[in-house]
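Encoded as structure tokens, the structure appears first; notes follow it.
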There are 2 protein chains.
Amino acid sequence: MLTIGTLGKKTGTKVQTIRYYEQIGLMPEPGRTEGGQRRYGDGELDRLSFIRHSRQLGFSLEAIRELLDLSDNPKRPCHEADVIARRQLDQVDQRIARLEALRKELKRMVHECSGGISSDCRVLEVLRDHSECLTNHDEIGA
Amino acid sequence: MLTIGTLGKKTGTKVQTIRYYEQIGLMPEPGRTEGGQRRYGDGELDRLSFIRHSRQLGFSLEAIRELLDLSDNPKRPCHEADVIARRQLDQVDQRIARLEALRKELKRMVHECSGGISSDCRVLEVLRDHSECLTNHDEIGA
DNA sequence: TGCAAACCTACAGTCACTTGACACTTAAAG
DNA sequence: CTTTAAGTGTCAAGTGACTGTAGGTTTGCA
């Protein structure tokens, strides 16, 4: 039987985050001691590991909810998990593409900064005038 | 004299976002019509363009506040803008590196999915067991 | 038994917006 | 000059995924 702190350490999750997952129904309500403290078993450890690993791969909590559901019902078609993962892969691809455009732009900016006073600063100049951009980064780079 | 909507169109910003920028002191309080509607001039257009362009390059609103300050005081050393830009560049580099690791992992996952029922799903299996990962993606992939 | 460390609840704060409700203003068409 | 639709106003709350704080309680060990 694990305390919430131990579970946190084993999965690399902050205590508050575990309680948060419970609150939004991603983690089940665990057993409690007489004094009211949470105690976890292996099932919960596995579930939290699944959640954290999925988060590290960039899945949203909503996507994880679906994936957990799939995992809980082994007869459902694998195809659904595949769709979610592919969607995620697409998003990652897009993000990388955008970030690379930004990187190029930033690098150019920084490279051209002469180090004088800010009225002559290339960095500020580029920010001021979008037309100086080599790339058209329409969407936000996050 | 531009309405808030026109300003929004010219800069690719939602009306609410412009009001939000005003609220947090990033945009100045503009002049108003008798009826109380905001009217903007070219100074504000430039300022908002600067903000939006910086956002597209991934700068936080706090960083943008500093950059605007620098831009408003042309005698301050350019070096400060350079530091902010370099910091941003470092962050972008790190994000790209992390996303590429995730991409690899996701690709492998999706590739190995056979399409049967979810109890045999490679996607779910990988999510369940972190030890199957080729990479150690410690930080969140966002 | 004493005590520190870990736990509890409840709520506020973060970031960068977005959405909603509801009322008022403006510009153009008729 | 009136109507009307589109646009604008304020204020408040919601989003995602947590993080942090305050103030009190429980646990496990010496």
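The shown structure was predicted, so the numbers you read here are calculated from the model rather than taken from an experiment. Chain letters run A, B, ... following the sequence lines, proteins first, then strands; residues in each count from 1.
- Within a heavy-atom distance below 4.0 Å of DNA chain C, the residues of residues 22-37 of chain B found are B:Thr33, B:Gly35, B:Gln37.
- Rounding to whole angstrom units, CD1 of residue B:Ile64 and C1' of C:dC17 are separated by 13 Å.
- Considering only residues two or more places apart in sequence or on other chains, B:Glu44 meets the side chain to side chain contact (heavy atoms under 4.5 Å, CB included) condition with B:Met27, B:Pro28, B:Pro30, B:Tyr40.
- Spacing between atom OH of A:Tyr40 and atom P of C:dA6 amounts to 17 Å, rounded to whole angstrom units.
- In this structure, A:Arg52 reaches the sugar-phosphate backbone alone: every heavy-atom distance under 4.0 Å involves primed, P, OP1 or OP2 atoms, never a base.
- Taking only side-chain nitrogens and oxygens, A:Arg55 comes nearer than 4.0 Å to OP1 or OP2 of D:dC18.
- Whole-Å rounding puts the A:Tyr20 OH to D:dG20 P distance at 15 Å.
- As a whole-Å value, the separation of A:Met1 CE from D:dT26 P is 21 Å.
- Spacing between atom NZ of A:Lys14 and atom C1' of C:dA6 amounts to 16 Å, rounded to whole angstrom units.
- At the phosphate of C:dT26, neither OP1 nor OP2 sits under 4.0 Å from any side-chain N or O atom of B:Arg38.
- A search for side chain to side chain contact (heavy atoms under 4.5 Å, CB included) contacts involving B:Thr17 returns B:Thr13, B:Lys14, B:Tyr21, B:Arg52, not counting sequence neighbours.
- We find that CD of B:Gln16 is positioned 11 Å from C1' of D:dT8, with the value rounded to whole Å.
- Between C:dT19 and B:Arg19, no contact under 4.0 Å exists linking OP1 or OP2 to a side-chain N or O.
- The residue A:Tyr21 sits close only to the backbone: its heavy atoms come under 4.0 Å of sugar-phosphate atoms, none of a base.
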